[in-house]
Amino acid sequence: MSTALHDVAAAGFIAAALYPDAISTSPTGAAIDMITADGPCFAIQQVGDLTEETSLTGMIEESANGTSGWSAIDGAAFVAVGTADNVQAITFRRSARYLRYVATLEGDTPSIDLAVLIGEQRKSL
């Protein structure tokens, strides 16, 4: 199997880890079942507006069953964000079936516009 994703629309599995929304507490996304995908993963974190003195530190976690045993994935953390209009993309390898996005939101009255996507190449049989 090729590790290059040449046709994202047809060959990529892409899921919303967090749909675009204004949040004011540290978010934890729902479990994403990656069973139909294989190879290197990617994640995109998009920050829009945020209140003054707000910071966000996000990462991707994995679990074998999607409900418990969540652990951080080495190399699957975003650089901390403290300014508006920030987009970051990371690549990483998973070793478990389920993924989710988690973040720590800090500040006196934090508020941030945030969206996160997770993707991987679909399995080819």
Side-chain angles (χ1 to χ4, degrees):
M1 166 186 277
S2 171
T3 59
L5 187 55
H6 299 288
D7 183 356
V8 175
F13 171 80
I14 301 172
L18 281 182
Y19 286 97
D21 201 3
I23 59 170
S24 58
T25 60
S26 295
T28 298
I32 300 170
D33 189 349
M34 305 296 288
I35 193 70
T36 62
D38 193 25
C41 298
F42 66 89
I44 301 168
Q45 173 184 270
Q46 181 180 13
V47 171
D49 289 336
L50 66 130
T51 56
E52 194 171 317
E53 297 185 25
T54 294
S55 67
L56 176 81
T57 306
M59 67 177 171
I60 308 300
E61 292 181 335
E62 64 184 357
S63 166
N65 62 22
T67 57
S68 63
W70 291 99
S71 60
I73 300 171
D74 189 37
F78 295 95
V79 175
V81 177
T83 58
D85 302 330
N86 179 284
V87 176
Q88 295 180 42
I90 58 173
T91 57
F92 58 93
R93 289 204 173 264
R94 66 182 173 91
S95 59
R97 178 174 172 171
Y98 295 89
L99 298 179
R100 73 177 182 184
Y101 173 82
V102 296
T104 301
L105 186 61
E106 296 179 323
D108 289 338
T109 54
S111 179
I112 189 168
D113 293 341
L114 177 64
V116 181
L117 298 173
I118 293 177
E120 191 173 22
Q121 184 168 327
R122 289 190 188 277
K123 289 180 180 174
S124 59
L125 303 173

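Atom set for the values below is all heavy atoms of this structure, side chains included, hydrogens, waters and symmetry mates excluded.
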In residues 106-117, what donor-acceptor pairs under 3.5 Å come from side-chain atoms, sequence neighbours left out?
none

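A donor-acceptor contact under 3.5 angstrom links the side chains of S68 and N65, judged on distance only.
Nearest heavy atom pair, residue R93 against residue P40, reads NH2-CG, 3.5 Å. Here the closest non-hydrogen pair linking A17 and I32 is CA-CD1, 3.8 Å. Considering every non-hydrogen atom in both A76 and I90, the closest pair reads C-CD1, 3.5 Å. Nearest heavy-atom pair, E120 versus M34, reported as atom, atom and distance to 0.1 Å: OE1-CE, 3.3 Å.
To the nearest 0.5 Å, atom CD1 of residue I118 and atom CD of residue Q45 are 11.0 Å apart. Here the CG-CG distance, from D85 to L50, works out to 8.5 Å after rounding to the nearest 0.5 Å. Between the OG1 atom in T54 and the CD1 atom in I23 there is a gap of 10.0 Å [rounded to 0.5 Å]. From F78, atom CZ reaches atom CE of M59 across 11.5 Å, with rounding to the nearest 0.5 Å. Taken from CZ in R100 to CD1 in I60, the straight-line distance is 10.5 Å, to the nearest 0.5 Å. One finds the OH atom of Y101 at 9.5 Å from the OG1 atom of T28 (value rounded to the nearest 0.5 Å).
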Does the side-chain contact (heavy atoms from CB on, under 4.5 Å) test come out yes or no for K123 and T36, once each step is laid out?
CA-CA 6 Å; K123 289 180 180 174; T36 62; 5.8 Å; no
After noting the C-alpha distance and the side-chain angles of F42 and I14, does the key distance pass the side-chain contact (heavy atoms from CB on, under 4.5 Å) rule?
CA-CA 9 Å; F42 66 89; I14 301 172; 4.0 Å; yes
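Applying the salt bridge (charged side-chain N to carboxylate O under 4.0 Å, His left out) test to D33 and every residue at least two apart in sequence or in another chain returns R97. Remark: T25 engages no residue in a side-chain hydrogen bond (donor to acceptor under 3.5 Å, both in side chains) (not counting sequence neighbours).
Of the possible donor and acceptor atoms, one in the side chain of S26 sits under 3.5 Å from a partner among the backbone N and O of L105.
With hydrophobic clusters built from ILVMFWY side chains whose heavy atoms lie under 4.5 angstrom apart, I73 does not share a cluster with W70.
Side-chain contact between V47 and L56 is present, with at least one heavy-atom pair separated by less than 4.5 Å.
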